Amino acid sequence: MYLSNQRKLNRTNICSQLDREMIGEEATVAGWVQRTRDHGGLLFVDLRDRSGLVQLVFSKKISAEALKMAERLGQEDVIAVKGLIRKRPEENINREIATGEIEIMGEEIELISPSETPPFLIEDKVNAGEDLRLEYRYLDLRRPEMLEIVKTKHQTMQAIRGFLSQRDYWEVETPILTRSTPEGARDYLVPSRLHRGKFYALPQSPQLFKQVLMASGVERYFQIARCFRDEDLRANRQPEFTQIDIEVSFIDLENFQREMEELMREIFSLKGISLPREVPRLSYREVMDRFGSDSPDTRFGLEINDLSGIFADSEFRVFSGTIADGGTVRGIRVPGGAEFSRSQLDRLEERVKEFGAKGLAWLVFSSEEVSSPIAKFLSEKEFQQLREKLEITAGDLLLIVAADYKTAVASLGQLRLDLGCKLDLIPEDSYDLLWVEDFPLFTYNEEEERFEAEHHPFTAPLPEDIELLEENPAEARAAAYDLVLNGEEIGGGSIRINNRELQSKIFSLLNMSEEEAEEKFGFLLKSFSYGTPPHGGIAFGLDRIIMLLTGRKSVRDVIAFPKTQRATSPMTKAPGTVSPEQLKELNLKTISPEEE
RNA sequence: GGGGGUGUAGCGAAGUGGCUUAACGCGCCGGCCUGUCACGCCGGAGAUCGCGGGUUCAAAUCCCGUCGCCCCCGCCA
């Protein structure tokens, strides 16, 4: 026996449409049973749809039959109810909900789809662990705060499309099945059935295609593009994520960046957030020096200081020796940090060790003296210089790392963030937007003993640094720029190379042969040989933007169906096994761990 | 690959060697209740304490291993 899909009651209004204006009218609403309150002979139902809640009333006086049915309702049953909209008695108005002034007198009720008892309650103050929420993601998404995020993401994408379309950008799709390219992240591979032993790769970003689109004369391109990177996950990193990908020909960088700032302002205004008019531009070197991060959170102080000048000739060999070996000594002054307990300081030391620092020196300043495990190695003159340089006052804590430059600033940069959080120095409702520029073109990979592109191999050097490519490539800076909001990198881009000779030079510095370059992205190079406009662009991380827009701590909260940290889906159970037939068709064999 | 945290009824959680027949709250089931909106009141069911092994007269509790989830390092042009 099959139940009919035919329904008696058809919805006339969504919950939030019901208001004072409709008192006295008849309406049919439909949705999920949030909660019932049975008073015996009088029963209330909170009905929820995506727009909100409305209260339904059932009683013998209205309809004994409807009351009887309502008494059997459970959480999350889907029902439709027809009845008169009535103003609630004055003393029973609920100011907490939008429709609190009215209620619907339940005359007819239809149970459209009953629900099992849900594994957790559908309400904003969620009481379930995240793995359970992900397994029952459809229930989790029903929670108003989650639907609000889904809606915000939709509205954001609409705003982006509107903004860019209005400015003559064209939305163009690029392939999901493409080919693996060297450098960058690990690729997700897709075996080819028609070509034994060959593989497609899912794009890490549409980078090459958007540049070909510039060679194609599209001039102004954008795409809300899915990207795939098979790397380990983090709170702000998913293996598949969405980029707002943008590229323009004949680019005027100043104007372009201003346009992108305007796009961000438009997006954040959707949630009533006004981003600052003035967007500072800081050099990579400066942000690393001051904040120890290329995506600095500038909403609070605790900046890093260079103390090498003070300790270059120190009796304390750990400091002076590090400096003599080409390293540096850097420190953070923590106002009021004298309060920290020994175990708290130990935890801070553990933290910097994670980043490769050998240790963390601490000095507690009172008005007269300095207490520190290393105090006996330091001179009165050094203390005095520290007091002056750092404007130290009584009760301050000074944390010092001596190491190579990168380790010193990176570990202190992380410490700075931890302390900012712990000491509650980060104003939640402020939004600090800034550009980071003048990135190095290359980073040196110690293990592989070669240069790697800091951004990607098509990034142009700054014009004034082109000569450095010959004598000192490590010092060459890139025409690249990141946009940073509240310490989160939300976008990054560059001016691209559109000159074959320069591109060849870069490939050779990256230790990539002409043959290899030809093999891997010959199509791009070839396209450039038929007349290519100068171009550049940017890509924004949509998920991170939505995360900031909605005040979330994890991108999992703003992706409808995210993966766990181990890159699995508790709902679909992906990744899953496949049948031997499927493997055979693809000419694939799996190797068990023992066989390795 | 590494470091840290965590796992106890459907959910959240207390309990760190015997005083526990494993609290408490929510949810669920039964009953009562005509103005609730986290309704209230009465009663009830529901737990191989993640899994495997060990120590002990005795293990949720101690030890070893293992798995899931979370945070971080590495990695992420």
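Here the structure is a predicted model, which means the values were calculated and not measured. Each chain gets a letter, A, B and so on, in the order its sequence line appears, and its residues count up from 1.
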For this session: Residues of residues 552-566 of chain A with any non-hydrogen atom less than 4.0 angstrom from an atom of RNA chain B: list those, numerically ordered, please.
Result: A:Arg556, A:Thr564, A:Gln565, A:Arg566
For this session: Name the nucleic acid region contacted by A:Phe458, choosing base, sugar-phosphate or nothing; use a 4.0 angstrom heavy-atom cut-off, strictly under.
Result: nothing
For this session: Write down the partner of B:A23 under the Watson-Crick or G-U wobble criteria, each distance required to be under 3.5 Å.
Result: none
Seminar exercise, completed: 5' to 3', nucleotides 38-49 of chain B under a 4.0 Å protein heavy-atom cut-off (B base, S sugar-phosphate only, - none) gives BB----------
Problem set entry | Pairwise C1' distance for B:U36 and B:A47, with rounding to whole Å | 34 Å
Exercise. Which whole number of Å gives the distance between the C1' atom of B:C26 and that of B:C67?
Worked result: 29 Å
Problem set entry | Set of salt bridge (Lys or Arg N to Asp or Glu O under 4.0 Å) partners for A:Glu354, sequence neighbours left out | A:Arg351
For this session: Quote, to the nearest angstrom, the C1' distance that separates B:G27 from B:A38.
Result: 12 Å
For this session: For B:C73, take OP1 and OP2 only and decide whether either is under 4.0 Å from a side-chain N or O of A:Ser411.
Result: no
Seminar exercise, completed: The correct set of residues in residues 51-68 of chain A placing a heavy atom under 4.0 Å from RNA chain B is A:Gln55
Exercise. Taking atom types as modelled and ignoring hydrogens, do the side chains of A:Thr117 and A:Gln75 form a donor-acceptor contact shorter than 3.5 angstrom?
Worked result: no
Exercise. Thinking salt bridges, do A:Arg552 and A:Glu145 make one under a 4.0 Å N-O criterion?
Worked result: yes
Problem set entry | B:G40 pairs with, by Watson-Crick or G-U criteria that keep both distances under 3.5 Å | B:C32
For this session: Ignoring hydrogens and angles, answer whether the base of B:C70 and the side-chain atoms of A:Arg234 contain a donor-acceptor pair closer than 3.5 Å.
Result: no
For this session: Could you note down all residue pairs passing ring-ring contact (aromatic ring centres under 6.0 Å, His included) where residues 502-523 of chain A supplies at least one of them, sequence neighbours left out?
Result: A:Phe458-A:Phe521, A:Phe507-A:Phe521
Exercise. Whom does B:U66 pair with, Watson-Crick or G-U wobble, provided both distances fall under 3.5 Å?
Worked result: B:G50
Exercise. Using atom C1' of each nucleotide, how far apart are B:G52 and B:U48 to the nearest Å?
Worked result: 13 Å
Distances under 3.5 Å between protein N/O atoms and the N/O atoms of nucleotides 4-11 of chain B, please, pair by pair.
unit_1, atom_1, unit_2, atom_2, d
B:G10, O2', A:Pro119, O, 3.0
B:C11, O4', A:Pro119, O, 3.1
B:C11, O2', A:Asn127, O, 2.4
B:C11, O2', A:Asn127, OD1, 3.3
B:C11, O2', A:Asn127, ND2, 3.3

Problem set entry | Distance, P atom - from B:G65 to B:C76, rounded to whole angstrom | 31 Å
Exercise. Short question: side chain of A:Tyr481, backbone of A:Ser494 - any donor-acceptor pair under 3.5 Å?
Worked result: yes
For this session: Under 4.0 Å between any heavy atoms, over every strand shown, what does A:Thr99 touch: base, sugar-phosphate, or nothing? Just pick one.
Result: nothing
Exercise. So, A:Glu101 and A:Lys87, do they make that salt bridge, N to O below 4.0 Å?
Worked result: yes
Exercise. When only distance counts, do a donor and an acceptor, one from the side chain of A:Arg229 and one from the base of B:C76, lie under 3.5 Å apart?
Worked result: no
For this session: Please state the C1' separation for the pair B:G54 and B:G43 - nearest whole angstrom.
Result: 44 Å
For this session: Scan for salt bridge (Lys or Arg N to Asp or Glu O under 4.0 Å) pairs involving residues 120-136 of chain A, sequence neighbours excluded, and state none if there are none.
Result: A:Arg35-A:Glu123, A:Glu130-A:Arg556, A:Arg133-A:Asp140, A:Arg133-A:Asp557
For this session: For A:Glu76, enumerate each residue passing the salt bridge (Lys or Arg N to Asp or Glu O under 4.0 Å) test, keeping only those at least two apart in sequence or located in another chain.
Result: A:Arg48, A:Arg142
Exercise. Should the pair A:Lys563-A:Glu240 be classified as a salt bridge under the 4.0 Å nitrogen-to-oxygen rule?
Worked result: yes
Problem set entry | Check ion pair A:Arg285-A:Asp438 (N to O, under 4.0 angstrom) | no
Problem set entry | B:G7 and B:A60, which share atom name P, separated by this distance in whole Å | 16 Å
Exercise. Does A:Glu475 have any side-chain hydrogen bond (donor to acceptor under 3.5 Å, both in side chains) partners at least two apart in sequence or in another chain, and if so, which?
Worked result: none
Problem set entry | Partner residues of A:Arg37 under the side-chain hydrogen bond (donor to acceptor under 3.5 Å, both in side chains) criterion, sequence neighbours left out | A:Asp46, A:Gln55
Seminar exercise, completed: Comparing A:Asn236 with A:Ser205, nearest RNA chain B nucleotide closer to 5' gives the residue A:Asn236
Exercise. Quick one: ring-ring contact (aromatic ring centres under 6.0 Å, His included) pairs with a partner in residues 35-79 of chain A, sequence neighbours left out?
Worked result: A:His39-A:Phe44
For this session: List in chain and number order the residues that pass salt bridge (Lys or Arg N to Asp or Glu O under 4.0 Å) with A:Arg416, two or more places apart in sequence or in another chain; answer none if no residue qualifies.
Result: none
Problem set entry | Flag side-chain contact, heavy atom, 4.5 Å: A:Asp245 against A:Thr174 | no
Seminar exercise, completed: By the Watson-Crick or G-U definition, both distances under 3.5 Å, B:C57 is matched with B:G18
Exercise. Ignoring hydrogens and angles, are the base of B:G27 and the side chain of A:Glu123 linked by a donor-acceptor pair under 3.5 Å?
Worked result: no
Exercise. Quantified in whole Å, what is the C1' atom distance between nucleotide B:U16 and nucleotide B:C11?
Worked result: 24 Å
For this session: Measure from the side-chain heavy atoms of A:Glu130 and tell me the nearest of B:G1, B:C70, B:U36.
Result: B:C70
